[in-house]
Amino acid sequence: QKEVEQDPGPLSVPEGAIVSLNCTYSNSAFQYFMWYRQYSRKGPELLMYTYSSGNKEDGRFTAQVDKSSKYISLFIRDSQPSDSATYLCAMKEGGATNKLIFGTGTLLAVQP
Amino acid sequence: GAGVSQSPRYKVAKRGQDVALRCDPISGHVSLFWYQQALGQGPEFLTYFQNEAQLDKSGLPSDRFFAERPEGSVSTLKIQRTQQEDSAVYLCASSQISAGNTIYFGEGSWLTVV
């Protein structure tokens with residue numbers, strides 16, 4: 001079993017829909033949780049970063065972390081065709097470690 | 001430079017050939033990372049440098065993989081005697097401070113071993 005599980009999709013939604021993307025994890029030492037967006041043939045780009053449990057909002061994006069359930073989510077409101085990309089969750093332990101553990105990524109297509 | 005720069009962007013290697021992939025991090029960034037991303041998968045950690053010191057190489061899959069950052073800026077990932085299973089995108093990333101949480105990725109070097 002992988003440390004981080006993510007449904008690969010693909011997920012297809014109409015423009016304007018609310019999108020929910022999720023990851024589960026097994027390592028209770030994870031304290032930092034991130035969401036990256038990766039366009040085709042590009043490198044991952046950091047979207048959201050959250051420390052420990054709680055919610056964080058940035059424009060149309062909301063990240064949620066539930067450490068008790070080992071579950072994280074990314075919500076995208078009013079989705080746009082330009083949001084079409086692969087969304088990767090990533091996590092790391094506290095302390096001095098720098099190693100990010102990524103999910104497999106969910107491919108999202110927003111249809112105009 | 002404005003971002004993390006990697007070269008070559010695309011490389012086709014014959015099985016058994018040695019390859020070298022270059023990463024030029026954002027100027028002044030202390031930390032540098034290499035990740036491997038297979039098709040349809042998330043990136044997997046290979047190795048980490050703080051300045052010129054390689055502090056973690058636990059993700060290197062075999063002794064055919066070697067990374068260096070001799071002057072604490074540009075880094076090279078070398079793969080000796082390439083195998084088909086080495087075909088992947090090799091991503092370099094950098095961050096401003098050690099244990100920094102804002103990590104910037106390059107566009108990757110796409111390696112195909114035939």
Side-chain angles (χ1 to χ4, degrees), chain A residues 2-11 21-25 27 29-52 56 58 63 65 72 74 85-108, chain B residues 2-10 21 23-26 29-51 53-60 88-112:
Chain A
K2 291 187 176 182
E3 279 189 284
V4 179
E5 298 280 356
Q6 184 175 10
D7 186 337
L11 180 62
L21 303 165
N22 312 293
C23 289
T24 58
Y25 63 95
N27 184 351
F30 286 145
Q31 293 191 28
Y32 298 91
F33 304 91
M34 298 128 199
W35 285 95
Y36 284 82
R37 178 175 61 196
Q38 187 173 28
Y39 291 115
S40 180
R41 296 192 174 269
K42 299 291 186 181
E45 170 195 10
L46 181 65
L47 275 179
M48 301 284 287
Y49 152 73
T50 309
Y51 171 69
S52 195
K56 187 171 186 177
D58 184 2
V65 175
I72 71 169
L74 177 71
T86 296
Y87 289 80
L88 296 153
C89 62
M91 310 176 187
K92 71 170 188 165
E93 298 179 8
T97 182
N98 286 276
K99 186 186 303 186
L100 288 180
I101 308 299
F102 282 87
T104 55
T106 299
L107 179 60
L108 172 67
Chain B
V4 178
S5 178
Q6 293 188 245
S7 62
R9 285 292 325 274
Y10 302 95
L21 308 175
C23 173
D24 200 341
I26 295 172
H29 277 196
V30 168
S31 298
L32 185 144
F33 309 82
W34 285 99
Y35 283 81
Q36 180 191 58
Q37 187 173 22
L39 191 64
Q41 301 296 315
E44 292 199 359
F45 173 84
L46 293 177
T47 188
Y48 161 66
F49 290 86
Q50 184 177 318
N51 294 307
Q54 189 174 21
L55 299 185
D56 188 345
K57 54 182 180 179
S58 62
L60 296 176
V89 181
Y90 291 86
L91 294 163
C92 178
S94 69
S95 69
Q96 193 168 22
I97 58 174
S98 58
N101 295 308
T102 303
I103 296 174
Y104 299 90
F105 282 85
E107 295 197 332
S109 289
W110 292 66
L111 174 64
T112 303

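Numbers restart at 1 for each chain; the letters A, B, ... are given by sequence-line order, proteins then strands.
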Using non-hydrogen atoms only, which part of [X] is less than 4.5 Å away from chain B: side chain, backbone, both, or neither?
X	value
A:Pro44	both
A:Leu100	both
A:Gln6	neither

Is the number of heavy atoms from other residues, nucleotides or ligands within 6.0 Å of [atom1] ([X]) greater than 12?
X	atom1	answer
B:Lys57	NZ	no
B:Glu44	CD	no
B:Tyr104	OH	no

**Item:** Among B:Ser58, B:Gly42, B:Pro43, residue most engaged with chain A (heavy-atom pairs, under 4.5 Å)
**Value:** B:Pro43
**Message:** Within the structure provided, determine whether B:Ile103 and A:Tyr36 are in side-chain contact (heavy-atom separation under 4.5 Å).
**Reply:** yes
**Prompt:** When rounded to the nearest 0.5 angstrom, what distance separates CE in A:Met34 from OG1 in B:Thr102?
**Reply:** 8.0 Å
**Request:** Side chain from CB out, backbone as N, CA, C, O: work out which of these in B:Gln37 comes under 4.5 Å of a heavy atom of chain A, or both, or neither.
**Result:** side chain
**Distance-minimising heavy-atom pair for A:Arg41 and B:Arg9** = O-NH2, 3.3 Å
